[in-house]
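Keep in mind that this is a model prediction, so the values were computed, not measured.
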Amino acid sequence: MALFFASTNAYAFCAGTLIKEIKSIASKPEVIEAVKASNARQLAKEQVIALDEKWIRLKGRLPEADQIRSSKVSAFLAAEMNKQSYFKEAILTGNQGETVAMNIVTTDYWQGDEEKFTAIFDTNLPSRKPDSHISRARWDESTKAMIAQVSVPVYDGDYMIGTLTVGVDLKRVPHPNH
């Protein structure tokens with residue numbers, strides 16, 4: 001029984017630390033400005049869905065993915081991911097769940113129908129949703145790692161404007177008792 005509690009405490013410590021690190025990235029001015037710019041464009045839902053279907057069909061090999069991947073904010077996220085061996089992927093979304101930035105090409109464009117977005121994104125003040133979401137661990141083919149996705153809101157002042165999801169390689173996360 002003591003081992004169970006010890007591992008639970010280690011998980012809580014690691015999760016809290018990871019969430020704090022990811023929230024720090026989500027609060028950077030370059031992240032906030034990129035999300036605000038994307039939100040200002042407000043693609044029609046039909047456009048988002050059409051691009052998502054094309055993205056999935058072509059496995060992200062299309063000009064829109066190249067444009068997102070080569071943006072300044074994607075370069076910023078790539079640099080942030082490289083600071084920690086346990087960070088593998090970053091997906092920044094706007095208020096519709098559309099991909100604004102990524103350090104590696106995602107499997108789809110629209111994150112708005114996925115739990116990593118729906119579990120935390122809320123336009124209500126104050127938000128009625130949790131301040132973070134951690135997915136179940138799963139094998140991720142794009143990163144070749146067992147990851148959990150940690151999602152946090154992106155705020156502009158008090159207003160939630162998007163989300164940042166970071167894929168965390170669970171085998172690389174430092175544990176306090178190691």
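Under a hydrophobic clustering in which Ile, Leu, Val, Met, Phe, Trp and Tyr are joined whenever their side-chain heavy atoms come within less than 4.5 Å, directly or via other members, F117 and V152 fall into different clusters. At a threshold of 4.5 Å between side-chain heavy atoms, the hydrophobic network of Ile, Leu, Val, Met, Phe, Trp and Tyr places L43 and M102 in one connected group. Side-chain heavy atoms closer than 4.5 Å link hydrophobic residues (I, L, V, M, F, W, Y) into clusters, and following such links, even through other members, never connects I32 to Y155. Residues I104 and V73 are members of separate hydrophobic clusters, defined by side-chain heavy-atom contacts under 4.5 angstrom among Ile, Leu, Val, Met, Phe, Trp and Tyr.
Here the CD1 atom belonging to I91 is positioned 8.5 Å from the CG atom belonging to N103, to the nearest 0.5 angstrom. One finds the CG atom of D169 at 13.5 Å from the NZ atom of K144 (value rounded to the nearest 0.5 Å). Remark: L58 CG to E64 CD distance equals 9.5 Å, nearest 0.5 Å. Rounding to the nearest 0.5 Å places OG1 of T99 at 8.5 Å from CG of L92. R136 contributes atom CZ, which lies 9.5 Å from atom CD of E115 (distance to the nearest 0.5 angstrom).
In this structure S74 satisfies the side chain to side chain donor-acceptor pair (under 3.5 Å) test together with S71, sequence neighbours excluded. For Q84, the side chain to side chain donor-acceptor pair (under 3.5 Å) test picks out E21, Y86, with sequence neighbours left out. Not a single side chain to side chain donor-acceptor pair (under 3.5 Å) links R41 to another residue, sequence neighbours left out. For S127, the side chain to side chain donor-acceptor pair (under 3.5 Å) partners are D122, not counting sequence neighbours.
The two residues G112 and T118 come nearest to each other via the heavy atoms O-CG2, 3.3 Å. Nearest heavy-atom pair across L170 and A137 is CD1-CB, 3.3 Å. Closest non-hydrogen pair, G60 versus A65, comes out as O-CB, 3.1 Å. Residue P153 comes nearest to D131 through the heavy atom pair CD-O, 3.1 Å, listed as atom of the first residue, atom of the second, then distance.
More than 12 heavy atoms of other residues, nucleotides or ligands shown are found within 6.0 angstrom of NZ on K23.
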Exercise. After noting the C-alpha distance and the side-chain angles of N39 and Q96, does the key distance pass the side-chain hydrogen bond (donor to acceptor under 3.5 Å, both in side chains) rule?
Worked result: CA-CA 8 Å; N39 290 349; Q96 298 182 88; over 6 Å; no
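D140 contributes no side-chain N or O that, together with a main-chain N or O of A145, makes up a donor-acceptor pair within less than 3.5 Å. S38 places no side-chain N or O within 3.5 Å of a backbone atom of A34 that could act as its donor or acceptor partner.
V100 is not listed as a side-chain neighbour of I68, based on a closest heavy-atom distance of 4.5 Å or more. Side-chain contact check for V154 versus V31: some heavy-atom pair is nearer than 4.5 Å. Considering only heavy atoms from C-beta on, F76 comes within 4.5 Å of K28 through its side chain. At a threshold of 4.5 Å between non-hydrogen side-chain atoms, the residues I25 and F87 count as touching.
Counted by atom type alone, K116 and Q111 present one or more donor-acceptor pairs between their side chains at under 3.5 Å.
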Side-chain donor/acceptor pairs under 3.5 Å, residues 158-166, sequence neighbours excluded:
unit_1	atom_1	unit_2	atom_2	d
T163	OG1	T93	OG1	2.5
T165	OG1	S151	OG	2.7

Which donor-acceptor pairs under 3.5 Å do side chains of residues 49-57 form with protein atoms, sequence neighbours excluded?
unit_1	atom_1	unit_2	atom_2	d
D52	OD1	Y109	N	3.0
D52	OD1	W110	N	2.9
W55	NE1	T106	O	2.9

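Of the residues listed (E89, K88, H133), the one engaging Q149 in a side chain to side chain contact (heavy atoms under 4.5 Å, CB included) is E89, and it is the only one.
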